[in-house]
Structures are given as structure tokens and as C-alpha cells.
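The figures that follow rest on heavy atoms only: side chains count, while hydrogens, waters and symmetry mates do not.
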Amino acid sequence: MANRLAAETSPYLLQHADNPVDWYPWGEEAFAKARAEDKPILLSVGYAACHWCHVMEHESFEDEETAALMNERFVSVKVDREERPDVDSLYMDAVVALTGQGGWPMTVFLTPEGEPFLGGTYYPPEARFGLPSFQQVLSAVSDAYRERRGDISRQASAIVDAVRRSAELTPSSDPLTDSLLGEATRALRRQFDEEWGGWGGAPKFPQASTLEFLLRMHLRGDDEALPMVRATLDAMAAGGMYDLVGGGFHRYSVDREWLVPHFEKMLYDNALLAPTYLHAWVVTGDERYRRVTEETLDYMLRELRLPEGGFASAQDADTDGVEGLTFTWTPDEGVREELLQPFEHGRSVIRGELDDEERARLFELREPRAKPLRDDKAIAAWNGLTLAALAEAGRRLDRSDYLDAARALGDFLLGPLSHDGRLHRTFRAGEAKGTGYLEDYGDVAHGLLELHVATGELRWLREANRLAHLAVELFGDEERGGFFLSPADGEELVARKKDLEDQPTPSGNSMLAHVLLRLARIYGDDELERRAVGVFRLVHGAVTRVPSAFGHALSALDLHFSPPREIAIIGAVDSPVARAALAPFQPDTVVAVGPAEDVPLLAGKGLVDGKPAVYVCERFACRAPLTEPSAL
């Protein structure tokens, strides 16, 4: 029996195309079958680089007996969480409400109407870890659905009501003041890991958005902010979670020390961490941070870039079914003994100082090894973050290869990944799929703004402005403020959600708020600023309670509370005066490059005696134009 995943483009779904389970992709066909046969839906959600997803597939979904039970009693639906963040987010909320925790693979049981009534994450093939076996769960759920339908319906209704309530957050009416920033910083200080940097215990995740916020607080004069940033950046880059040989960051470390990683490499982590190290280099002058930035971006260009100009989503944790095989070493492979830190099965990770020659030698030794599977679908949001990283690094580091890649990526996002002016979610194997979600619009607009500043080309600014206005129209909540995850004309699920937490990537709400503030100051558009403030009112209480979950929202608030400062550059963006104007790290300043009469910040401004000029303005009141770098 062939399941229905073979025609999909998602590498995760294609991994399950040969399972004996009669899988359906998410869609009306599966729900119609469930209604017709009066069977519950078994929804399984994961992603291609997820280690435990592979484990559960091998143990359960490839097992004939388990598959027969699933096929007999359920309609089984497989979803790639990266393709459908709306489905993932909605049912993850339900699982967390039911069990107190979430994760992937996620297993949720639904009524034929899509209402969740039971769920969890990984289930083992035999009872262990205090968990029942997957077959026991299947039998119990199926029996309950047949024999206790009233209980199931009541449970499903209660869960859906709870999820809907969580999506209907009431905006705060408390005044928005910059005291929020100080409170958040003090809370981060209390929660900071003094010994190893970062926040939280094991497993420990990189939090680029939190570090970016602290860099902004350093510029505001907070003496405690920069030491937290430096301690974390130094510890993360020491080796283990950071790939000293090939560049780039693994997903997280299983310990507090950033040492033993979970070996998957995600595009978004690297796209967020590269600018953080870049900004730390600008602020401190520490060359190590510049080196990590370049090694990370070079890794992304080498391993993740696609022929069409976009970037693949991830590299797997496993190679040939063995976790970390590509990235770990045995003592006889030519690595200095003092660099080796034990992992498992006699293999080790590398931590310590490598000089350029040693790094090149080890890279040459490692490069012929088998590579982990690459999830080669391009996701609009993550490519938007990558665009911002490449554009700014290309500008600051004089790397024309980064700028060339950024331009090609901008063309890819506005070309193959768009249709009729709207963004798709994913692109793979020549096919763009799915509606764009809020984070896609926010992240791509952010990337286009950075590309405009890096190149001086106006088309990128105009496209960022167009996408941001379209996002307000598609996702805005007129009643409570902020923005929904899915567009108004998207598929109707049992609840329409707002995502607000910046973990592991900036939420669509905080990224779009940040973009809207920048555009409001370039275009003199108060309505865009009002929309951004609507987001801040939704996260008002949470940013000081759990600041590490709202790093990007806090950075956007920092911009909101900063006196409006604009730089208008007329003429070549690589002229000496423009370079001098753009050299500092000044996240509280917005920049536009012209000339252009249709951009209010640039209107009426021209070259001075034929020379490029920089106009420094506050609320559009500009000082005399400057043509010499020394004048800045």
C-alpha cells in the first residue's frame, strides 16, 4: 500500500513516503475520510533534522504491526512543522495544555473536526522512561474514542476553548515607558549563568535576540550588559556547539557548558548568531567575533546555499544513522589530544584554540566524510534572516561575495518565492508552496531593509515597505492589536493564533513591529508606529517577567523609546562619507539611501557640489549636509 506522501516536496514528508503507515498530508482529504469512517485523526508533526523524529519513525512507523494498528483505527496525518507553523503552533499549545511540555516528534489525537483531545511527544515502542508503549497508547485512545465519545467531545471542547483564550490576549493599558528595558535587564542579570554564560541549564540554547537587546542596553550606558554578552559569545564559540573546523553553530548543547551539541545545524540559528557576533565586533573591536561571523557565513554559503539563490533549512544531526558522525573525531585522526572532549562510542568533539593552519588541515581531513542529510527546502522567513545577515556583513566587512549572495537571495525571495506580490512559505525542487505566514513577511521585509542600506538600491526599500503594508492588511488584529500568525484569507483552523515569543527565532509580531518602526521613521507614517505599539501592549507584562523569551520585542521597544534619529544618504553608499556615517553600531538610527522623491526622508535632498552627502535628522529636521567623513 502506497501512502500519499510521495508527491510532497517536504524532505521530512518524503522520509515517510515508504512507511507502511497509510499517511495523508494535512488537508481536506484526510478529514473527509475521518468523518466518513468515524475515526479519530492521528496527527504526527516533526521536521527533517529532528533526531527523535527519526527514532520514532524507525521504531514505530516502519514497524508493520504498529502501522497496521494505525491504519485500522486512525486516519494518520503527517505534517512538517516548518511548512505549516500554524498547524504546529496550534496543536503544540494543546499538547502543552494537556501535558505541561512540548517537543518533536509531536503526536496529537484529533476529532474528525480537527479538535485535539489527547497528545504527547515521543512514544517508545515498549513501555519505558515512565511512558506507555506507542501501541498501548493507540489501543487506549481508539477504545476511548469508540466507547466514551461524550468524554472525548467534552475534553476536545475544553482544550480548544483554552487555546482560543490564549490567542485572545488583552492589550495592556499601562503606560509604555523605558523603565521596562531596565527591569528586563535586571531580570536577565538575575537569571544569567555566571560560569558558562547564557540563560537556562541543560539543554542550553543560543539566544541571539537576548544578546542583541543587551548590546543595545550597553549603548544606553548599562555597565552590566556587555559583560553578559561577551561571556556568552566567548563560551559559545569555544568549540563543541560551535564547529571550530567548518564554521557554523549546531542547534544547542545537551549540557550547560556549550560543549556536547545536538548536532543538527539550522539555518535560522546561524543567520541570527552571525549578526550578533558582527555587532559585538563593531562594539568591542575583538577580532575573534569578526572571525566567527565570517566562518559562520562562509559555512552557510558552502553548505546551505541552493542553485536558485536561496538557502536550505538545515543539516541533520545524524550521518548514516549515527548522531554527530561527520563532526566528531577519534584519537587516531590527527587531532591534538588536548583538543578532544569525549562524546560517545569512542568519538570526541573539538574544543580549544585552532590556528589557521591547523583548522585548514582538519577541514581537509574531514571534508571527504559522508555529510548529514540536508533539508533543502527554502523557508521564506529564515531566508529573510539570512538576507539581513549577509547584507550587513557584506557592508561592514567589505565582502563583495556576501553582497552578491545577498542580492541573489533578494531576487529569489521576490521572484521564485513570491506570486502576485505575496510570499510563499517554502520552495523546493522548483516548486513554491504554501501561504506566507506573519514571520515570513516580517523577516523578509527586515532583510530587504538591510539590503537597501548595504547596496543603496531603492528597489529593496520599496519592496520592504510594500510587504510591511501588505502584512498589516493580511495579519492585523483590528480589535486587540498585534498580528495573527496566519493570514485572514488562509486556511481556517479551530483557532487563529498569535505567536509572541522570540524563541528560537524572533516572533512575527516583534519582527514586524521592529520593521514598522523603521519604516514609520523613513516614511513619516504614524499609522505604522501605532501598529507597532499594538504589539508592545500585548507583550507589556511578559517582557519583564521572562525577558529571555522576548529579546527581539525588547530590541524593538528600545528603538521605540529612542529619540527618532534618521540618516539620509544621497549618492554612493560606499563613498567615504557614507561609510563613516554607517560605521558605528547604531540600532536606534534609521537609514535611507537616495536620491528619491517618493521616500519622505529623502525628498528634497541632493548631492552637494556634485559630492555624496549625509543628512543627519531628528523627526525629519535635518542638520546641514556633510560631505567629509571628518565632519561626522
Side-chain angles (χ1 to χ4, degrees), residues 3 5 10 12-13 15-26 30 34 39-82 84 87-112 114-148 151-152 155-156 159 163 203 254 262 264 316-318 321 323:
N3 67 43
L5 302 184
S10 156
Y12 176 64
L13 298 188
Q15 285 168 8
H16 294 78
D18 295 323
N19 295 165
V21 176
D22 187 13
W23 289 116
Y24 284 75
W26 180 272
K39 288 180 177 176
I41 297 267
L42 188 163
L43 173 64
S44 176
V45 183
Y47 58 103
C50 161
H51 173 72
W52 284 100
C53 300
H54 301 326
V55 171
M56 191 164 175
E57 180 195 12
H58 177 66
E59 291 174 343
S60 294
F61 304 145
E62 292 177 354
D63 177 67
E64 297 283 351
E65 192 179 320
T66 303
L69 191 56
M70 291 170 68
N71 296 340
E72 177 195 344
R73 302 195 182 189
F74 298 90
V75 176
S76 298
V77 174
K78 184 56 90 168
V79 166
D80 181 341
R81 66 174 291 251
E82 295 167 357
R84 291 299 303 260
V87 172
D88 175 61
S89 177
L90 174 67
Y91 292 108
M92 184 62 75
D93 276 8
V95 168
V96 171
L98 282 160
T99 68
Q101 59 189 29
W104 300 275
M106 174 166 67
T107 309
V108 199
F109 298 96
L110 320 177
T111 68
E115 296 188 332
F117 61 87
L118 196 75
T121 53
Y122 164 79
Y123 290 105
E126 294 94 26
R128 62 173 188 256
F129 312 136
L131 294 169
S133 76
F134 190 46
Q135 287 195 23
Q136 287 173 327
V137 171
L138 294 174
S139 297
V141 170
S142 170
D143 291 346
Y145 186 79
R146 282 204 306 268
E147 296 161 13
R148 304 206 311 277
D151 293 347
I152 294 288
Q155 169 97 328
I159 293 167
V163 171
V254 300
H262 192 46
E264 68 213 56
D316 207 323
D318 301 356
E323 187 176 6

- Query: Quick one: do the Tyr47 and Glu264 side chains pair a donor with an acceptor below 3.5 Å?
  - Reply: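 There is such a pair between these side chains.
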- Query: Going by atom types alone, do Glu57 and Tyr12 pair a side-chain donor with an acceptor below 3.5 Å?
  - Reply: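 The criterion, which ignores hydrogens and geometry beyond distance, is not satisfied for Tyr12 and Glu57.
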Say you draw a straight line from [atom1] of [X] to [atom2] of [Y]; how long is it, rounded to the nearest 0.5 Å?
X	Y	atom1	atom2	value
Asp22	Glu72	CG	CD	13.0 Å
Leu42	Thr107	CG	OG1	6.5 Å
Phe61	Met56	CZ	CE	4.0 Å
Lys78	Asn19	NZ	CG	7.5 Å
Leu118	Tyr145	CG	OH	13.5 Å
Tyr91	Met106	OH	CE	9.5 Å

- Of all the heavy-atom pairs spanning Tyr123 and Ser60, show the shortest one and how long it is.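 Heavy atoms only, the tightest pair is O-OG, 4.4 Å.
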- Message: Looking at every non-hydrogen atom in both residues, tell me the closest pair between Pro125 and Ser133 and how far apart they are.
- Response: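 Result for this residue pair: O-CB, 3.3 Å.
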- Partners of His54 by side chain to side chain donor-acceptor pair (under 3.5 Å), sequence neighbours excluded?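 Checked His54 against side chain to side chain donor-acceptor pair (under 3.5 Å); matches are Asp316.
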- Item | Qualifying residues under salt bridge (Lys or Arg N to Asp or Glu O under 4.0 Å), relative to Glu126, sequence neighbours excluded |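 Salt bridge (Lys or Arg N to Asp or Glu O under 4.0 Å) check on Glu126 returns Arg128.
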Partners of [X] by side chain to side chain contact (heavy atoms under 4.5 Å, CB included), sequence neighbours excluded?
X	answer
Ser89	Leu485, Lys497, Asp499
Leu69	Arg73, Gln135, Leu138, Ser139
Thr121	none

- Item | Residue list, ring-ring contact (aromatic ring centres under 6.0 Å, His included) with His58, at least two apart or on another chain |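 In terms of ring-ring contact (aromatic ring centres under 6.0 Å, His included), with neighbours along the sequence ignored, His58 is linked to no residue.
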- Does the ring centre of Trp104 sit less than 6.0 Å away from the ring centre of Tyr122?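 Aromatic pair excluded; centres sit 6.0 Å or further apart.
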- Criterion ring-ring contact (aromatic ring centres under 6.0 Å, His included) on Phe109 and Phe74, from CA distance to verdict: CA-CA 9 Å; Phe109 298 96; Phe74 298 90; 5.5 Å; yes
